[in-house]
Amino acid sequence: MQRILLLHCSPYGRQSRGSVLALELVERLRRCHPGAQLLERDLARAPLPAPDAGYATALVARAPNEDPALSLSEQLIGELENSDCLVIATPMHNFTVPATLKSWIDHVLRIGRSFAATETGKVGLLEDRPTFVVVSAGGVYRGEQARQPDFLTPYLRHVLSTIGIHDLEFIHLQGLVRGQEHAESMLAQAREQLAFNPHLAAQEELS
């Protein structure tokens, strides 16, 4: 593993509980791959612009990749292509992904570039890679105590599979408004879950 791409999507950035866990995960990866480079994007501190009319026009016209209107999309897709592992730390906002992450998705999912449209449906054009999504939420949306729907998990799973990413694990930090003790319990459960991930487990054996 040579390159890791980490996306921070919370307004709290690296200080959010999701990002704290994501950074721990990255450090575990880098302990076994000391030369691995980390590229971080704080999508809340430096938000991406929404696709504009120029982008939409270039998309419909199937403009070449060198078209200036596609330059940001090309940059973001290139960062993803050059990564061996993707880590996303995102809050759940109103049952789904925050606007910060949605803008990244809108630039990365591009017909003819990251996926192809075929007679049988969309086919991803990017290589699969280990991907971890750390989801933090104030409410509870999984298990017997769930009180709200979860549109984030199935949506992101479908989005990432559309571009070719299937090696995917979600780590859920839910009910965080219940206080520090509950948050610490969620983090402990998440760390235990990650210990069984085949990528991390294999690396722990090597370390």
Side-chain angles (χ1 to χ4, degrees), residues 1-48 76 79-80 83-105 129-143 145-146 148 150 152-153 155-157 159-160 165 167-204 207:
M1 185 176 295
Q2 298 180 351
R3 290 170 293 273
I4 303 167
L5 175 60
L6 171 57
L7 304 179
H8 300 281
C9 306
S10 168
Y12 297 109
R14 280 170 142 253
Q15 282 67 51
S16 71
R17 291 188 176 96
S19 283
V20 167
L21 182 63
L23 287 164
E24 287 182 15
L25 194 162
V26 167
E27 284 308 305
R28 289 178 63 179
L29 291 170
R30 296 181 79 185
R31 279 200 298 268
C32 295
H33 304 276
Q37 299 177 354
L38 173 63
L39 172 61
E40 293 184 71
R41 268 196 175 273
D42 189 330
L43 298 176
R45 179 173 294 182
L48 300 169
L76 297 173
E79 290 175 356
L80 186 54
S83 70
D84 303 301
C85 179
L86 172 64
V87 181
I88 301 173
T90 182
M92 178 182 288
H93 284 176
N94 299 317
F95 320 120
T96 188
V97 299
T100 51
L101 180 54
K102 182 60 165 61
S103 291
W104 182 85
I105 290 169
R129 72 214 63 212
T131 297
F132 300 87
V133 181
V134 181
V135 183
S136 54
V140 177
Y141 55 90
R142 293 169 62 85
Q145 298 183 16
Q148 65 185 53
D150 171 17
L152 183 153
T153 304
Y155 172 67
L156 264 187
R157 189 181 299 280
V159 161
L160 293 170
I165 295 177
D167 186 352
L168 178 63
E169 179 164 6
F170 285 88
I171 304 96
H172 299 276
L173 305 176
Q174 58 179 348
L176 296 181
V177 296
R178 295 182 175 182
Q180 184 65 24
E181 184 175 348
H182 177 81
E184 290 299 328
S185 174
M186 286 288 98
L187 286 167
Q189 291 180 35
R191 292 177 181 119
E192 183 177 357
Q193 174 188 339
L194 288 172
F196 290 95
N197 181 277
H199 298 291
L200 295 174
Q203 288 164 358
E204 290 297 328
S207 61

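Computed over heavy atoms, backbone and side chain alike; hydrogens, waters and symmetry mates excluded. The first residue of the sequence shown is numbered 1, and numbering continues consecutively from there.
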| When you measure from the side chain of Thr131 to the backbone N and O of Leu168, does any donor-acceptor pair fall under 3.5 Å? | no

| remark: What one should report as the nearest heavy-atom pair of Gly139 and Gln148 is CA-OE1, 3.7 Å

| note | Heavy-atom closest pair (Ala146 atom, Tyr141 atom, distance to 0.1 Å) is CB-C, 3.5 Å

| Do side-chain atoms of Ser19 reach the backbone of Gly13 as a donor and acceptor pair under 3.5 angstrom? | yes

| query | Where do Leu80 and Trp104 land on the side-chain contact (heavy atoms from CB on, under 4.5 Å) test, with the steps shown first? | reply | CA-CA 11 Å; Leu80 186 54; Trp104 182 85; 4.1 Å; yes

| field | CD1-CG distance between Ile105 and Leu48, expressed to the nearest 0.5 angstrom | value | 11.0 Å

| Gln193 and Gln189: side-chain donor and acceptor closer than 3.5 Å? | no

| said: Are the side chains of Glu40 and Leu23 in contact, using a 4.5 Å heavy-atom criterion? | reply: yes

| query | Any sub-3.5 Å donor-acceptor pair from Asp84's side-chain atoms to Arg3's backbone N or O? | reply | yes

| query | Rounded to the nearest 0.5 Å, how far apart are CZ of Arg17 and CD of Gln180? | reply | 5.0 Å

| query | How many angstroms lie between SG in Cys9 and CE in Met92, if you round to the nearest 0.5 Å? | reply | 13.0 Å

| Ile4 to Ala36 - nearest heavy-atom pair and separation | CD1-CB, 4.4 Å

| field | Heavy-atom donor-acceptor pair, Arg129 side chain to Ser83 backbone, under 3.5 Å | value | yes

| task | Mind checking side chain to side chain donor-acceptor pair (under 3.5 Å) for Gln37 and listing every partner two or more places apart, or none if nothing turns up? | result | none

| query | Sequence neighbours excluded, which residues qualify as salt bridge (charged side-chain N to carboxylate O under 4.0 Å, His left out) partners of Arg191? | reply | Glu24

| query | What distance do His172 atom NE2 and Asp150 atom CG have between them, rounded to the nearest 0.5 Å? | reply | 6.5 Å

| task | Any chance you could lay out the side-chain contact (heavy atoms from CB on, under 4.5 Å) test for Tyr155 and Lys102, step after step, and finish with the verdict? | result | CA-CA 11 Å; Tyr155 172 67; Lys102 182 60 165 61; 3.3 Å; yes

| query | Closest approach of Pro91 and Pro98, non-hydrogen atoms and distance? | reply | O-CD, 3.3 Å

| Rounded to the nearest 0.5 Å, what separation is found between the CG atom of Leu152 and the CZ atom of Phe95? | 12.0 Å

| message | Which heavy atom of Val177 sits nearest to which heavy atom of Gly138, and what is that distance? | response | CG2-O, 3.1 Å

| Minimum heavy-atom distance Ala44-Thr100, with the two atoms named | CA-CG2, 3.8 Å

| message | Looking at His182 and Gln174, would you say the former's side chain and the latter's main chain have a donor-acceptor pair under 3.5 Å? | response | yes

| field | Straight-line distance of Leu7 CG to Glu79 CD, nearest 0.5 Å | value | 8.5 Å

